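Worksheet: one structure, shown below.
Each chain gets a letter, A, B and so on, in the order its sequence line appears, and its residues count up from 1. Computed from a prediction, not measured in an experiment: that's the story for all the values here.
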2 protein chains.
Amino acid sequence: MTLSTAQRVAGVLRDRIEGGGLPPGTRLSEEALGRDLGVSRNTLREAFRLLVHESLVVHRLNRGVFVRVVDAADVTDIYRVRTALECAGVRAAAGAGRPLREAVTAAVDEGERAAAGGDWQEVGSADLRFHRALAALSGSPRIDAAMDRLLAELRLAFHAMPSARRFHEPFLARNRAFVRLLEDGEYATAERELTTYLDDALKLILGALREREEENT
Amino acid sequence: MTLSTAQRVAGVLRDRIEGGGLPPGTRLSEEALGRDLGVSRNTLREAFRLLVHESLVVHRLNRGVFVRVVDAADVTDIYRVRTALECAGVRAAAGAGRPLREAVTAAVDEGERAAAGGDWQEVGSADLRFHRALAALSGSPRIDAAMDRLLAELRLAFHAMPSARRFHEPFLARNRAFVRLLEDGEYATAERELTTYLDDALKLILGALREREEENT
DNA sequence: TATTGAGAATTGTTGAACAATATCTTAGCC
DNA sequence: GGCTAAGATATTGTTCAACAATTCTCAATA
């Protein structure tokens, strides 16, 4: 057993949350969950702390933990940080090692292959890998970890997106064009394009969030 | 009782660590510390969790918690992330609100005042506030939080710096010049200067770390 | 010297008890 | 009827001691 009980429990909860089994806003009762998963309240609370650190749940004093609700302000902020980290990656691209640069191209390739096969779920995953690879060009473990946390948060918001295809399809060509800019060493242009790219994506998500908001009124 | 026992214990440990009473690498025995502080192991473990979240200690499964050792690779990485975040702040400076911009200037003012009074400890604090204010120009809560964690980590490495004055004095003028660039709207120049600024600071710290390393051989 | 295995030391997990806080219920009032 | 306030109930927060699981120590052995 190389994983502690708390880590295993956190993994189970993470899967349930990301799989939609525990929708945003759900309260996680210590007693009920502990009985369900067969662990003590103490261990469960330890698992909660791990998930709090991943921003998947929030902890309100004397009220318990709730599945994180990612609102428009959160998404906007996440995109601010993404822009900072991914732009830093682009600026480090020239000095980055070959494996790091190839990871970027590979993710774009995989996205196109998935699109050809009609697997839009996988197109989404490849897109996240693409952006993570972009930030990873910095060669910084802390940036990698921060990026993972950000994308995990973002996945919570993606539950609101009606169609993976409508959201991802327009970006396939932009990803390809962007990679070409990197390969040609057009870093300044690439950075500008990336900024507007992320801004466009943000607007799409905010639009979807607003629509869902109006539905629930 | 507005502070839990665990929080008090964490405070005691934090003081001991930052005061040098518990040098980096020290293992914090649950039983010995618990007896020493008069709390149960469980409470002590809760305190440990708080400190882990602050990056002051690390937790290794089945081995216990150790006072964090910040090595050259860590410092290098921290400066990579700082560069990304502070540069993002500079690029957002034009659109940032007045209070955010004034906070940058205020920190530089306070640094100069402290230097005039010979309080080099306070010069160091003001310098940290200056860089935090720089990153805060982005107006992003997540960037603010990340910056706080980074600077807390960095404080651990500063224990290796022999003289606060020798380290901070040369940067007083650079801080002032940098603020002037911001006020004049010379953002591109400011960003370039900031990059070399952080690079120079990194080299100084790495040099001090190397010297301390050689002493301990 | 390197290895191995039993025992010691240490951390991981649990369940319980009690305290503090929040939520729900209900009785009384306007 | 609707509203407020007091009390009852449920939930989380904190601490403890005991037991399980893991790692470490160190002598015995090849």
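Against DNA chain D, the stretch residues 35-54 of chain B makes heavy-atom approaches under 4.0 Å through B/Val39, B/Ser40, B/Arg41, B/Asn42, B/Thr43.
For the side-chain contact (heavy atoms from CB on, under 4.5 Å) with B/Ile78, the lone residue among B/Leu154, B/Leu151, B/Ile205 that qualifies is B/Leu154. The side-chain contact (heavy atoms from CB on, under 4.5 Å) test with B/Thr26 is passed by exactly one of B/Ser29, B/Pro23, B/Pro24: B/Pro23.
When the side-chain nitrogen and oxygen atoms of A/His59 are compared with OP1 and OP2 of D/dG13, one or more of them lie within a distance under 4.0 Å.
Using modelled atom types, one finds a donor on one side chain and an acceptor on the other under 3.5 Å when comparing A/Tyr197 with A/Asn175.
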Check the interface with nucleotides 5-10 of chain C: list each N/O to N/O pair with the protein under 3.5 Å, or write none.
| unit_1 | atom_1 | unit_2 | atom_2 | d |
| --- | --- | --- | --- | --- |
| C/dT10 | O3' | B/Arg27 | NH2 | 2.4 |

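Salt bridge B/Arg16/B/Asp36: present, at least one basic N to carboxylate O contact under 4.0 Å. A salt bridge links B/Glu102 with B/Arg98: the closest approach of a Lys/Arg side-chain nitrogen to an acidic carboxylate oxygen falls below 4.0 angstrom. Using a 4.0 Å cut-off between a side-chain N of Lys or Arg and a carboxylate O of Asp or Glu, B/Arg45 and A/Glu46 do not qualify as a salt bridge.
Between the P atom of C/dA20 and the CG atom of A/Leu61 lies a distance of 14 Å, rounded to the nearest Å.
Cation-pi geometry between A/Arg82 and A/Tyr79 is met: the NZ or CZ atom falls under 6.0 Å from the ring centre, inside 45° of the normal.
Using a 4.5 Å heavy-atom cutoff, the side chains of B/Leu85 and B/Leu150 are in contact.
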